[in-house]
Amino acid sequence: MKQYQGYFIDLDGTVYRGKERIPAAARFIKRLQEHQREILFVTNNSTRSPKEVAANLRTNHDINVTAANVYTSAMATADYLVQHAGQKHRVYVIGERGLKDALLNKGMQLTDQDPDYVVVGLDRNVTYEQFKIATLCIRAGAVFIGTNGDTNLPSEEGMIPSAGALVELVRYATQQEPIMIGKPQKTIVEMALKASGLKKSEVLMVGDNYQTDVQAGINTGVDTLLVYTGLSKPADIEHVETKPTYTVKTLDEWNV
C-alpha cells in the first residue's frame, strides 16, 4: 500500500456525524500526526472560519489541530479569484461571515454596485432583496460563482437547504451556469494543493461521500479513500464506473 505525505480529509460523515463523535477518526488523526503526515481538512462548508472549524474539532471531537489544518470552500473561492480575477476585485456576496472574511482577506472589495463577480454560498439569513441584486448583477455581466453544490445540510431538524439550493435559485433566475468551486469539482482540490505545496501524487483524499469527496479526488487525479461511516455504502459503489482507490469500514483499518 502506497504511503502518502498529505491527507485531505472531509469532515461531516468522516470525522464526525453532526455533533456525534466518530472515535476512529480522532485515533486516525493522532496516528497521522505521530507519523508527521500533513493534514488538511477540506470542507465545502463556507460559513465558518478555519479558526472556528479547528476550535470545534479540538473542543468537541478530541482532535488537536489549528486553523492551518483547515481549507474551506470559502478559502478556495477566494484563492480562485486571486488566480483569475486580475484587477477585477469587486464582488457581490450571498454568504455568511466565513465566506466574506475569506474574500476580504484576499483583497476583494465587497459591493452591490457594479461587481465583477457574484459569489453565492450558504446564507441562512438570505433575503429576496439579495437574490434580486445577485440576479440583476449577473444579468448585467458579472461572473457567477458558486461555493459548492451541496443541496442539503444535515441538522438536528433534518436535511435543510444548503448552498447548492441557493446557487440553483440564482442559476434559474439568470439562466447562467455558475463556476463551481467545492467538491466534487476539482477546483477546491487544486487550490488546496497549491495552498499546501503538495503534489497530487503525495496526497490521499479521504471522505465518506462518493459523489463529492471521492469524485473530487477522481476529477483532480488524486488517490481516494472512501470510509463507510457516513453517506456512501458498499452497495452504492458496486456499479460505479470509477472506484475509489481504497475503501475501509472504519479509519482504524487504515495503515499510515
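Since we're looking at a predicted model, the values are computed, not measured. Side-chain atoms are counted along with the backbone in the values below, which use heavy atoms only and exclude waters and symmetry mates. Throughout, numbering of the chain's residues begins at 1 and tracks the sequence.
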Mind checking whether Gln36 and Gln5 have side chains closer than 4.5 Å, heavy atoms only?
no
Check: Asp213 and Val206 side chains under 4.5 Å, non-hydrogen atoms
no
Are side-chain N/O atoms of Asp208 and Thr14 paired as donor and acceptor at under 3.5 Å?
yes
In this structure, would Ile138 and Leu166 fall into the same cluster of hydrophobic residues linked by side-chain contacts under 4.5 Å?
yes
Less than 4.0 angstrom from a charged side-chain N to a carboxylate O is my criterion; do Lys132 and Glu129 meet it?
yes
I want to check something: taking the side chain as every heavy atom from C-beta on, are Leu32 and Ile9 in contact at a cut-off of under 4.5 Å?
yes
Linking I/L/V/M/F/W/Y whenever their side-chain heavy atoms sit closer than 4.5 Å, directly or via other members, would Ile188 and Phe41 fall into one cluster?
no
Can you tell me if Asp101 uses its side chain to pair, donor with acceptor, with the backbone of Gly98 under 3.5 Å?
no
SB check Glu168 Arg171 (cutoff 4.0 Å)
yes
Closest approach of Thr224 to Pro244 (non-hydrogen atoms, all atoms of both residues)
OG1-CA, 3.3 Å
Is a donor on one side and an acceptor on the other found under 3.5 Å between the side chain of Gln83 and the backbone of Tyr80?
no
Between the main-chain N or O of Gln215 and the side-chain N or O of Asn219, is there a donor-acceptor pair closer than 3.5 Å?
yes
Pairwise side-chain contact, Tyr117 with Val93, heavy-atom cut-off 4.5 Å (strictly under)
no
Any donor-acceptor pair under 3.5 Å linking the side-chain atoms of Asn56 with those of Asn60?
yes
Under 4.5 Å between side-chain heavy atoms, counting indirect links through other Ile/Leu/Val/Met/Phe/Trp/Tyr residues: same cluster for Leu136 and Tyr92 or not?
no
I'd like to know whether NZ of Lys194 has more than 12 heavy-atom contacts from other residues, nucleotides or ligands below 6.0 angstrom.
no
Between Arg97 (side chain only) and Thr47 (backbone N and O only), is there a donor and an acceptor less than 3.5 Å apart?
no
Asp223 bridged to Lys200 by N-O distance under 4.0 Å
no
Closer than 4.0 angstrom, basic N to acidic O: yes or no for Asp79 and Lys106?
yes
Indicate the atoms forming the closest heavy-atom contact of Thr229 with Arg17, along with that distance.
O-NH1, 2.7 Å
Quick one: closest heavy-atom pair of Ser162 and Leu153, and the distance?
CB-N, 3.8 Å
From Thr247 OG1 over to Lys249 NZ, what is the distance, rounded to the nearest 0.5 angstrom?
10.0 Å
Pair Asp62-Lys30, salt bridge (Lys or Arg N to Asp or Glu O under 4.0 Å): steps then yes or no:
CA-CA 10 Å; Asp62 193 29; Lys30 286 178 181 176; 3.2 Å; yes
Less than 4.5 Å apart, any side-chain heavy atom of Phe8 and any of Ser196?
yes
Give the minimum heavy-atom separation between Val256 and Arg37, together with the two atoms involved.
O-NH2, 3.4 Å
Between Ile218 and Val203, is there shared hydrophobic-cluster membership here, with clusters defined by ILVMFWY side-chain heavy atoms closer than 4.5 Å?
no
For atom NZ of Lys2, is the number of surrounding heavy atoms from other residues, nucleotides or ligands below 6.0 Å larger than 12?
yes
Spell out, as yes or no, whether a donor-acceptor pair under 3.5 Å connects the side chain of Thr220 to the backbone of Val222.
no
Take Asp114 and Arg90 through the test salt bridge (Lys or Arg N to Asp or Glu O under 4.0 Å) and record every step on the way to the result.
CA-CA 8 Å; Asp114 193 29; Arg90 296 169 62 84; 5.1 Å; no
Which value, rounded to the nearest 0.5 Å, describes the distance between Met180 atom CE and Ser73 atom OG?
9.0 Å
Check the pair Asp10 / Lys183 against salt bridge (Lys or Arg N to Asp or Glu O under 4.0 Å), numbers first and verdict last.
CA-CA 10 Å; Asp10 175 58; Lys183 299 175 288 186; 3.0 Å; yes
Ile181 backbone acceptor or donor facing Thr187 side chain under 3.5 Å
no
State plainly whether one hydrophobic cluster holds both Val214 and Leu225, where clusters connect Ile, Leu, Val, Met, Phe, Trp and Tyr through side-chain heavy atoms under 4.5 angstrom apart.
no
Is the closest basic N to carboxylate O distance between Asp252 and Arg27 below 4.0 Å?
yes
State, with a plain yes or no, whether a side-chain heavy atom of Gln33 is found less than 4.5 Å away from one of Ile39.
yes
Could you tell me the separation between the CG atom of Asn44 and the CG atom of Leu11, rounded to the nearest 0.5 Å?
10.0 Å
Parallel under 30°, tilted from 30 to 60°, perpendicular over 60°: which one fits the rings of Tyr4 and Trp254?
tilted
Interatomic spacing from CD1 in Ile133 to CD1 in Ile94 - rounded to 0.5 Å:
8.5 Å
Donor-acceptor contact present, side-chain Gln185 to main-chain Gly182, <3.5 Å
no
Validation row: Ile179, Phe144 side chains within 4.5 angstrom (heavy atoms)
no
Looking at Glu96 and Arg124, would you say the former's side chain and the latter's main chain have a donor-acceptor pair under 3.5 Å?
yes
Do Asn45 and Thr72 make a side-chain contact, defined as non-hydrogen atoms from C-beta onward lying under 4.5 Å apart?
no
